[in-house]
J.: 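Quick one: the structure is below, questions incoming.
Excluded from the calculations below are hydrogen atoms, water molecules and symmetry mates; all remaining heavy atoms, backbone and side chain alike, are included. Sequence lines set the chain letters: A, B, ... in the order given, protein chains first and strands last, and positions in each chain run from 1. Being a predicted model, the structure only gives us computed values, none of them experimental.
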Amino acid sequence: MPRTDEAKAFFHAVYSAIQEVPHGKVTSYGHIARLIGTPQRPRQVGVCLKHLSSDTSQTFHNGNVPWQRVINSKGIISPRGYPSGAANQAQALRGEGVTVTTGNLGELMVDFAEYGWFPRQLPSEEAAGIAPLIDSDDEG
DNA sequence: ACGCTGACCCTAC
DNA sequence: TGTAGGGCCAGCG
């Protein structure tokens, strides 16, 4: 749980943004950071997910925030800690139809070309007519 | 209050 | 193609 109001706002922004990632799609920590206007803080996005609670009485919890749809920029499910919650994340993704492959070193990978979700801005903002935070030309 | 850690990412050799 | 280093900053000792 974040202490300062600023951190709280950041956590809220992160969780809200992640909730907009469509079922069966994946995006990256860095992209979430950019979508919410803090492109230099992909790390803190990870912090937010780490602190995601299973307590359903909380506004945000692992039941209403699709944490499994956030992976790193290389398309790999970030390994962390013991046995790797990554394996669990892979299962959650497979459960929604995402193909997760295993590399030679045991990395759990997802094909961005197939499942990647990288909009210029959050769908909710687009619907509200808010100007995009990310200005881009192409992106293939 | 201080220092280290870490679900990351980009730029340089 | 692969390795190193810097930036980021909330948690936790």
Side-chain angles (χ1 to χ4, degrees):
Chain A
M1 206 77 178
R3 342 293 214 70
T4 70
D5 287 340
E6 196 177 325
K8 241 161 104 176
F10 181 79
F11 271 60
H12 186 102
V14 168
Y15 293 145
S16 296
I18 294 176
Q19 286 182 323
E20 299 198 38
V21 181
H23 182 277
K25 293 289 183 179
V26 296
T27 191
S28 70
Y29 299 92
H31 195 74
I32 292 295
R34 279 179 286 183
L35 285 175
I36 64 177
T38 55
Q40 313 119 292
R41 299 171 61 184
R43 256 199 133 116
Q44 275 53 251
V45 173
V47 170
C48 293
L49 290 177
K50 179 178 186 177
H51 285 268
L52 200 52
S53 147
S54 57
D55 182 357
T56 57
S57 71
Q58 298 292 312
T59 303
F60 297 107
H61 51 84
N62 59 20
N64 65 9
V65 177
W67 54 272
Q68 72 274 23
R69 297 174 199 157
V70 185
I71 63 182
N72 70 30
S73 67
K74 297 187 293 250
I76 296 172
I77 297 175
S78 297
R80 63 270 189 185
Y82 153 76
S84 167
N88 183 41
Q89 185 171 354
Q91 274 311 99
L93 285 173
R94 291 193 178 104
E96 50 186 72
V98 175
T99 298
V100 181
T101 59
T102 304
N104 294 333
L105 305 175
E107 334 88 271
L108 297 168
M109 313 176 290
V110 175
D111 182 10
F112 278 148
E114 179 82 25
Y115 304 103
W117 183 79
F118 299 98
R120 281 166 58 257
Q121 68 183 315
L122 292 170
S124 62
E125 293 180 336
E126 184 175 22
I130 298 173
L133 290 169
I134 300 176
D135 46 310
S136 62
D137 309 62
D138 62 341
E139 203 64 58

J.: Classify the side-chain pair A:Glu20/A:Ser124 by whether it contains a donor and acceptor separated by less than 3.5 Å.
T.: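 Short answer, yes.
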J.: What is the distance, to the nearest angstrom, from the CD atom on A:Gln40 to the C1' atom on C:dC8?
T.: 8 Å
J.: Any pair with a residue in residues 85-97 of chain A that passes side chain to side chain donor-acceptor pair (under 3.5 Å), sequence neighbours left out, goes on the list, sorted by first then second residue, please.
T.: A:Gln68-A:Glu96, A:Arg69-A:Glu96, A:Arg80-A:Gln89, A:Gln91-A:Arg94
J.: Closest nucleotide of DNA chain C for A:Glu6 versus for A:Pro42: which of these residues is on the 5' side?
T.: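 Its nearest nucleotide being more 5', the pick is A:Pro42.
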J.: Evaluate A:Phe112 against A:Ile71 for side-chain contact (heavy atoms from CB on, under 4.5 Å), listing each step before the verdict.
T.: CA-CA 10 Å; A:Phe112 278 148; A:Ile71 63 182; 3.6 Å; yes
J.: Is it possible for you to check whether A:Arg41 lies under 6.0 Å from the centre of the six-membered ring of A:Phe10, through NZ or CZ, and within 45° of that ring's axis?
T.: yes
J.: Check the distance between B:dC8's P and A:Glu107's CD and give it to me in whole angstrom.
T.: 15 Å
J.: Please examine the side chains of A:Val26 and A:Trp117, heavy atoms only from C-beta on, and report whether any two atoms are closer than 4.5 Å.
T.: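 No. Closest side-chain heavy atoms not under 4.5 Å.
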J.: Residues from residues 67-80 of chain A sitting under 4.0 Å of DNA chain B, heavy atoms only?
T.: A:Trp67, A:Asn72, A:Ser73, A:Ser78, A:Arg80
J.: Nearest whole angstrom, please: distance from the C1' of C:dT1 to the CG of A:Asn104.
T.: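 Computing the A:Asn104:CG to C:dT1:C1' distance gives 16 Å.
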J.: For A:Thr38 and A:Gln40, indicate whether the former's side chain and the latter's backbone hold a donor-acceptor pair under 3.5 Å.
T.: no
J.: Measure the shortest side-chain to side-chain distance between A:Phe118 and A:Thr27 over non-hydrogen atoms and say whether it is less than 4.5 angstrom.
T.: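 Sidechains of A:Thr27 and A:Phe118: in contact.
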J.: Expressed as a whole number of angstroms, how long is the span from A:Lys8:NZ to C:dC9:C1'?
T.: 19 Å
J.: What is the distance, rounded to the nearest whole Å, between atom NE2 of A:His51 and atom C1' of C:dA10?
T.: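 Result: 7 Å.
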J.: Taking DNA chain C as the partner, which of residues 16-39 of chain A come within under 4.0 angstrom of it by heavy atom?
T.: none
J.: Please report, rounded to the nearest Å, how far the P atom of C:dG11 is from the CZ atom of A:Arg41.
T.: 10 Å
J.: How about A:Leu49 and A:Val70: do any of their side-chain heavy atoms sit closer than 4.5 Å?
T.: yes
J.: For B:dA7 and C:dA4, measure between their C1' atoms and round to the nearest Å.
T.: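 These two C1' atoms come out 22 Å apart once rounded.
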J.: A:Leu93 CG to B:dA7 P: how many Å, rounded?
T.: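 Spelled out: CG on A:Leu93 to P on B:dA7 is 18 Å.
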J.: Between B:dC9 atom C1' and A:Gln44 atom CD, what is the distance in whole Å?
T.: 12 Å
J.: Per the side-chain contact (heavy atoms from CB on, under 4.5 Å) rule, which among A:Leu93, A:Val100, A:Val98 passes with A:Tyr115?
T.: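 The side-chain contact (heavy atoms from CB on, under 4.5 Å) with A:Tyr115 is passed solely by A:Val98 among A:Leu93, A:Val100, A:Val98.
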